[in-house]
Amino acid sequence: MTAAPESPSLPPSRSLPRSRHRSSGRTPPPGGAPTAADRLLSVLAAFDHEHPALCLTDIGRRAGLSLTTAHRLVGALTEWGALERDDSGVYHVGLRLWEVAALAPRGLALRQVALPYLEDLYEATHENVQLAVRDGGEVVYTEWLAARSSVGVHIRVGARWPLHATGVGLALLAHAGPEFQRAYLAGPLASFTAYTITDPDRLRRVLAEVRRAGVAVSDRQVTDDALSVAAPVHGPDGTVTAAVSVVVPYAGARVPTLVPAVRLAGRGMSRALGWRPSDAGATRAGGPLPGRAVGEDRGQADRAPDIPRTGEDVPPGAS
C-alpha cells in the first residue's frame, strides 16, 4: 500500500480542470481597490499544483502586483515562514503554512480519524481508495491510498474536480443543502467523457438515488476506463462532512461486492467522528440519513442497493 500525494503528469486530454471558483489572484471588492489583505493573499494564491515554485517576477505577474509590491510582500511572507526561498532565488510554499493548514478540521484531523478505515478498505479491495471534502462546487482530495496494480487514477492530494463528475462528489452534492444543489444544477456541468452527466434533470435524479441508496456509483465520468463507488461520511451532528470511495477498472467492475465495503468504511469514519445514527434522524441540509441504524441486521444494512451507474439511464420517476 502506498500513500501517494502526487501523481504522474497528465496527458493533455486529461489535464486537471481549473476551479470554477478560484483563480491565481483575488478579485477586489466591487467598486474598490484591492486591500492589503487582498494583495497578500494574491501572493499565496499565485502558487498552485502547476506552479509550485516561482521566481519573484512570476509571483508579481501571477498576483497582478508591481515588482516593488511583490518584493515587499514576499519578503514579509518569507520572514514569517509562509514562503521559503531556495539557493537559486526561487520561492516555494513554506512549512509554516502546512502547520496552520494542519489545524483545519477537514484536513489533517479528518485524515487521522479516517486513515485506519481507508487502510481497511484498501486491504479489502486492493484498489485505489480516496477521501475527499467539498469546497464550494468542487471536491478536494485529502487522502489517497494507491494500489500498485490498480487502474491509473490521475489525482493527487489537494486536487480538485467538479462535484458531479466523481463518486465522492456525487455523495457530497447529494447531501448538500437544497439551495446549493439548485444553484449547482443551474450552472455549467463540465464534460470529460461521453459518460459525464451534463443534463441537470438527469443529475437531479441521480442525486435522489444516491440519497436513497446511501452510495454513489460514478461510471466512466472522468476517464473511460474507471468506475468509482463512494459513500458519505457524517459528522457528529449528522451533516455530511466528507466522502470515501474506491476506484476500480470499469472492465469487470463488480459494484455489488464493493458497495458493502465502501459503505462500512463511511459508517466507521462517521462513528469515529462522533455520529450516532440513532440520535440523528436527518442531516441538517440533505434530508433523511441513508442506511439503517446501528444494531439493525447487518445482512440487510450492508446489502448492495439497486442503484444505477451514472453511465446508465436512471429509471423515470427516481427523483
Side-chain angles (χ1 to χ4, degrees), residues 14-23 26-27 45 48 104 106 110 130-142 155 158-223 226-235 237-245 247 266 282-290 307-319:
R14 292 185 180 179
S15 56
L16 293 170
R18 292 193 176 275
S19 169
R20 297 193 296 180
H21 308 282
R22 294 173 181 264
S23 63
R26 285 176 56 85
T27 302
D48 57 26
R106 295 191 300 164
L110 173 64
Q130 304 168 341
L131 180 70
V133 298
R134 180 172 73 86
D135 185 22
E138 297 172 316
V139 295
V140 179
Y141 290 90
T142 58
I155 69 159
R160 294 171 174 267
W161 284 93
L163 289 169
H164 67 281
T166 66
V168 286
L170 289 172
L172 291 164
L173 181 57
H175 294 89
E179 291 186 6
F180 177 84
Q181 289 188 30
R182 283 194 291 270
Y184 189 92
L185 268 65
L189 299 176
S191 177
F192 303 98
T193 72
Y195 302 97
T196 307
I197 303 174
T198 57
D199 177 68
D201 291 333
R202 183 177 171 218
L203 179 56
R204 187 177 294 107
R205 294 194 297 271
V206 168
L207 297 178
E209 281 294 300
V210 172
R211 288 190 295 273
R212 179 192 67 81
V215 291
V217 180
S218 181
D219 184 356
R220 296 168 291 172
Q221 288 213 92
V222 173
T223 63
L227 175 149
S228 68
V229 179
V233 176
H234 300 273
D237 62 355
T239 56
V240 172
T241 60
V244 58
S245 73
V247 182
T283 61
R284 290 186 175 179
L289 293 172
I307 179 172
R309 300 177 180 181
T310 53
E312 300 172 353
D313 291 331
V314 177
S319 60

>> Before you tell me yes or no, could you show the steps for Leu173 and Arg134 under side chain to side chain contact (heavy atoms under 4.5 Å, CB included), namely the whole-Å CA-CA distance, both residues' side-chain angles and the distance that decides it to 0.1 Å?
In response: CA-CA 8 Å; Leu173 181 57; Arg134 180 172 73 86; 5.8 Å; no
>> Before you tell me yes or no, could you show the steps for Gln221 and Thr166 under side chain to side chain contact (heavy atoms under 4.5 Å, CB included), namely the whole-Å CA-CA distance, both residues' side-chain angles and the distance that decides it to 0.1 Å?
In response: CA-CA 7 Å; Gln221 288 213 92; Thr166 66; over 6 Å; no
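Taking all atoms of both residues into account, the shortest heavy-atom contact from Phe180 to Gly136 is CZ-O, 3.2 Å. A pairwise comparison of heavy atoms in Asp135 and Arg160 identifies OD2-NH2, 2.9 Å as the closest pair. Listed here is the closest heavy atom pair of Leu185 and Pro200: CD2-O, 3.4 Å. Taking each heavy atom of Pro232 and His175 in turn, the nearest pair found is CG-CE1, 4.0 Å. In terms of heavy-atom proximity, Val139 sits nearest to Ala132 at CB-CB, 4.3 Å. Contact detail for Ala171 and Ala243: the closest heavy-atom pair is CB-CB, 4.0 Å.
Distance alone, capped at 3.5 Å, is enough to place a donor-acceptor pair between the Thr193 side chain and the Arg220 backbone. At distances below 3.5 Å, not a single donor-acceptor pair connects side-chain atoms of Ser228 with backbone N or O atoms of Ser245.
The structure places NE2 of His164 at 11.0 Å from CG of Leu207, a figure rounded to the nearest 0.5 Å. Atom CD of Glu209 and atom CZ of Arg211 lie 10.0 Å apart (nearest 0.5 Å).
Proximity of Tyr141 to Val168: side-chain heavy atoms (C-beta onward) are separated by under 4.5 Å at one or more points. Residues Leu172 and Val133 are not in side-chain contact: their nearest non-hydrogen atoms beyond the backbone lie 4.5 Å or more apart. Looking at Leu170 and Leu203, their side chains come closer than 4.5 Å, going by heavy atoms from C-beta outward. In this structure the side chain of Tyr184 reaches within 4.5 angstrom of the side chain of Pro162, judged on heavy atoms.
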